[in-house]
Amino acid sequence: MKPNAFPKSKRVVSGRSFTLALRKGGCAADGCLVVFAFPRDPGGDRSCQPRRLGVTIPKKTGSAVVRNRWKRWIRESFRTQQAAFPVGFDFVVRPKKDARASWQSIQRSLPKLAHKAVRRLNGQSVQTRTR
RNA sequence: UCAGAGGGCGGGGCGAUCGCUCGUCGGUAUUGCACCGGCGGGAGGAAAGUCCGGGCUCCGCAGGACAGGAUGGUCGAUAACGUCGACCGGCCGCGAGGCUAGGGAAAGUGCAACAGAGAGUAGACCGCCGAACGGUCCGCGCGGGAUUCGUCCCUGGCGGAUGCGUGGUGAGGGUGAAACGGUGCGGUAAGAGCGCACCAGCGAUCGGGGUGACUCGAUCGGCUCGGUAAACCCCAUCCGGAGCUAGACCAAACAGGGUGCAGAAGCGGUCCGCUUCGCGAUCGACACCCGGGUAGGUCGCAAUGGAGGCGACGAGCAAUCGUCGUGCACAGAUAAAUGGUCGCCACCAUCGACGUCGCCGGGCUCUGGUCCGGUGAAGCGUUCGAUCGGUACAGAACCCGGCUUACAAGCCCUCUGGUCGU
RNA sequence: GGGCGAUUAGCUCAGUUGGUUAGAGCGCUACGUUGACAUCGUAGAGGUCACAGAUUCGAAUUCUGUAUCGCCCA
């Protein structure tokens, strides 16, 4: 497989995965994006499962054209920098409320937020285990 | 050249690279999913709003009526429409043209604030009038009575004055969005369609034109009979309901039901048996089947298809229709494809050159020009260059016909009015 | 995709057979009361009735279109 390809296996497809990530996943945000991370299969070997991306854009963001632009920019920046993301996680990305889309800011903050979300998820799970 | 009216086109292009989606062919793999490569297709004029009308699908349905909703000049077009075309009437504009829910108010009910005298078979505030009735005053004369013979009183009559009361009036003033036709003459106490003439409007009849809305003309009539139906309402016409998440099919897992004959082997639970072994019964596990149908999937869903486009011919004023031709185009996602980056070009804007043009000044020439300088926001350009400049509105989700709304820059056609020149 | 509803002062709401100058409460401003504040009293400001067009003599109200917001079904 080509390194920069983005087929369906790298996308979050089912509604259940979305709700899982949004409910139980680790969350990180900055001025323009919110990223949720959730491990794909906690029991299995993580390193051989690809990272997956899901984008959710609420209708309040704007017209269909604006929403399409958000989604395409997010997808594109994931596709071009996917090596920089942690392996074996689902990432669900959502635009921050009232944020204005911009190609540069998305590209900059997406991998950073992904790492941050994973870190928070790990800390959270450690806490629940000790409890 | 300025101002304007109507209509149409158009919706940036090419390339590189990294990606997405569908189809197809080949390969890896092969139960399948998947991956790789080649080729081909991949947003719009509004895809939008969901305001109408259809197709299609399911449900309901003997027929009709009521309720409710929609439409509303006429004729036509159409699968249908609240759409389109032509025409008629009304209003606006000098005009080209524009707007028009434009049936019925002499079926019925209702409404009209404030102002005003009065708001619907209305009404007398100011004003005008003094005809009629009453009152008061004056004059005249008749009759009766009294008498001091001067005259006085009473009764009713005639004439005049007054405008006090009862009244007449709808012409004038004033109010209002709206006040029951207009002008003139007659008429009258003053006036008034009270009468007459003409005009406006309404109705009826007759005649001409038109399929029709309607229109033109003549005669007669009552004399005027208002506005609002996007107030209730009446009339005519139309409408069964829901919608592709319609609907059809396949179908894990879990639970349920059924079958597993005879013999043999054999796992677990329970029962028979005092216990063990053994034997037997039964349930489960197991295998197969059944209906319902969840997760999920397939079809619906895309060209032997569509009320498609284009061209020719024909019919029609036109909307549109008919015939023939035409590989001319047509995407199909489903957490939802059509994108990111870069380069070149195009167009626009701004700025600067250059050219041209106008104006001013000067020189030469000697009246035709030419040269130099200055000047120009709101002059021009088949010129050149620059800019981290700008290039709209907007994204298919079953499909069509319309309507409405949004829209950068650019382009084209026809027509009207004015100004200037010839 | 389909079906409903709303928009009036800074905020929450009234406002019906269409009628003069659109109201109420809270808030705001000023003055008074107090040594000062709260409370209280008096006065005042603040409105393109979401926008545009139409009907009407007259529209917040009726009709049509547009915009924004909200709800329901799945």
Side-chain angles (χ1 to χ4, degrees):
Chain A
M1 201 189 287
K2 295 191 219 165
N4 284 345
F6 188 55
K8 261 187 196 148
S9 60
K10 291 190 183 176
R11 286 182 238 163
V12 179
V13 166
S14 72
R16 217 170 301 145
S17 310
F18 270 88
T19 45
L20 260 178
L22 291 169
R23 291 259 171 81
K24 306 202 168 167
C27 152
D30 66 356
C32 76
L33 288 175
V34 183
V35 176
F36 295 86
F38 192 73
R40 288 195 56 187
D41 182 11
D45 185 7
R46 251 178 227 182
S47 56
C48 64
Q49 292 179 337
R51 329 142 174 90
R52 298 197 302 180
L53 178 76
V55 185
T56 168
I57 317 262
K59 254 192 178 167
K60 282 191 180 177
T61 316
S63 66
V65 173
V66 173
R67 279 179 276 137
N68 266 338
R69 192 156 45 231
W70 269 102
K71 188 177 57 194
R72 284 167 178 162
W73 279 346
I74 292 169
R75 245 187 8 219
E76 191 64 18
S77 76
F78 177 82
R79 185 178 72 79
T80 49
Q81 324 175 56
Q82 49 186 300
F85 284 75
V87 181
F89 283 90
D90 279 347
F91 298 100
V92 173
V93 182
R94 169 161 76 76
K96 185 90 174 175
K97 205 177 177 183
D98 301 329
R100 303 197 59 188
S102 114
W103 167 237
Q104 276 104 10
S105 61
I106 289 171
Q107 212 167 13
R108 233 177 303 126
S109 61
L110 192 60
K112 251 190 290 175
L113 290 172
H115 279 285
K116 201 169 169 187
V118 169
R119 238 180 294 129
R120 283 204 185 159
L121 177 72
N122 289 338
Q124 194 185 335
S125 56
V126 165
Q127 275 177 10
T128 47
R129 260 176 226 148
T130 49
R131 218 180 283 162

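A, B, ... follow the sequence lines: proteins, then strands. Residue 1 opens every chain.
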**Request:** For B:A333 and B:U245, measure between their P atoms and round to the nearest Å.
**Result:** 14 Å
**Complete:** Closest non-hydrogen contact found for A:Val35 with A:Ala114 is CG1-CA, 4.2 Å
**Item:** For the student: nearest non-hydrogen atoms of A:Val12 and A:Phe91, plus distance
**Value:** CG2-O, 4.3 Å
**Message:** Can a donor-acceptor pair be found, under 3.5 Å and without considering hydrogens, that links the side chain of A:Asp30 to the backbone of A:Leu33?
**Reply:** yes
**Prompt:** When you match A:Phe18 and A:Val65 each to their closest nucleotide on RNA chain B, which lands nearer the 5' end?
**Reply:** A:Phe18
**Message:** For the P atoms, the ones on B:G160 and on B:A190, what distance do you get once it is rounded to whole angstrom?
**Reply:** 15 Å
**Item:** Rounded distance in Å between the C1' positions of B:U405 and B:C51
**Value:** 11 Å
**Item:** Side-chain (A:Gln82) to main-chain (A:Arg51) donor-acceptor, under 3.5 angstrom
**Value:** no
Anything under 3.5 Å between a protein N or O and an N or O of nucleotides 388-391 of chain B, put it in a table, one pair a line.
none

**Prompt:** Any idea if B:G150 is syn or anti, going by the 90°-from-0 cut?
**Reply:** syn
**Message:** Under a 3.5 Å cut-off for both contacts, is B:C359 paired Watson-Crick or G-U wobble with anything, and if yes, with which nucleotide?
**Reply:** B:G374
When you compare the protein's N or O atoms with those of nucleotides 336-340 of chain B, which come within less than 3.5 Å of each other, and at what distance?
residue : atom : partner : partner atom : Å
B:A337  : OP1  : A:Lys71 : NZ           : 2.9
B:U338  : OP1  : A:Arg75 : NH2          : 3.0
B:U338  : OP2  : A:Arg72 : NE           : 3.2
B:U338  : OP2  : A:Arg72 : NH2          : 3.3
B:G339  : N2   : A:Glu76 : OE2          : 3.2
B:G339  : N2   : A:Arg79 : NH2          : 3.4

**Request:** Tell which nucleotide pairs with B:A5, taking only Watson-Crick or G-U wobble pairs whose two distances are both under 3.5 angstrom.
**Result:** B:U414
**Complete:** Relative to its sugar, using the 90° cut-off around 0, the base of B:G40 is anti
**Asked** Hey, are the side chains of A:Phe85 and A:Leu110 touching, using non-hydrogen atoms and a 4.5 Å cut-off?
**Response** yes
**Message:** Please report the distance separating the C1' of B:G165 from the corresponding atom of B:G135, rounded so that it comes out in whole Å.
**Reply:** 7 Å
**Message:** Taking pairing as Watson-Crick or G-U wobble with both contacts under 3.5 Å, can you name the mate of B:G143, or confirm there isn't one?
**Reply:** B:C154
**Prompt:** Atom CD of A:Gln81 to atom P of B:U341: distance rounded to whole Å?
**Reply:** 13 Å
**Request:** If B:C14 has a Watson-Crick or G-U wobble mate with both distances under 3.5 Å, name it; if not, just say none.
**Result:** B:G343
**Nearest atoms (heavy-atom pairs only) where A:Gln81 meets A:Pro111** = OE1-CG, 3.6 Å
**Prompt:** Does any non-hydrogen side-chain atom of A:Glu76 lie less than 4.5 Å from one of A:Ile106?
**Reply:** no
**Request:** Grab the two heavy atoms, one from A:Val34 and one from A:Ala29, that are nearest each other, plus how far apart they are.
**Result:** CG2-CB, 4.0 Å
**Asked** Since syn is defined as within 90° of 0, does B:G103 count as syn or as anti?
**Response** anti
**Complete:** The glycosidic conformation of B:A43, counting syn as within 90° of 0 and anti otherwise, is syn
**Message:** Pairing check on B:C354: which nucleotide meets the Watson-Crick or G-U wobble criteria with it, both distances under 3.5 Å?
**Reply:** B:G381
**Request:** Would you say whether A:Phe6 stacks on B:G19? The test is a distance between ring centres of less than 5.5 Å and an angle between planes of less than 30°.
**Result:** no
**Asked** For A:Arg108 and A:Lys112, which heavy atoms make the closest approach, and how far apart are they?
**Response** O-CE, 3.7 Å
**Partner nucleotide, any strand, of B:C301 [Watson-Crick/G-U, under 3.5 Å]** = none
**Request:** Scan every strand shown for a Watson-Crick or G-U wobble partner of B:G187, both distances under 3.5 Å, and answer none if you come up empty.
**Result:** none
**Asked** Of the non-hydrogen atoms in A:Cys32 and A:Ser109, which two are nearest, and what is the gap between them?
**Response** SG-OG, 4.0 Å
**Atom C1', compared across B:C398 and B:G68: separation rounded to whole Å** = 31 Å
**Message:** Taking B:G102 as the reference, what is the distance to C:U64 when you measure between their P atoms (whole Å, please)?
**Reply:** 15 Å
**Prompt:** If the P atom of B:U155 is compared with that of B:G134, how far apart are they to the nearest Å?
**Reply:** 15 Å
**Asked** Can you list the residues that meet the ring pair (Phe, Tyr, Trp, His ring centres under 6.0 Å) rule with A:Phe6, with sequence neighbours excluded?
**Response** A:Phe78
**Message:** Checking base pairs now: Watson-Crick or wobble, both atom distances under 3.5 Å. What partners B:C393?
**Reply:** B:G44
**Inter-nucleotide P distance (C:G25, C:C40), Å rounded** = 13 Å
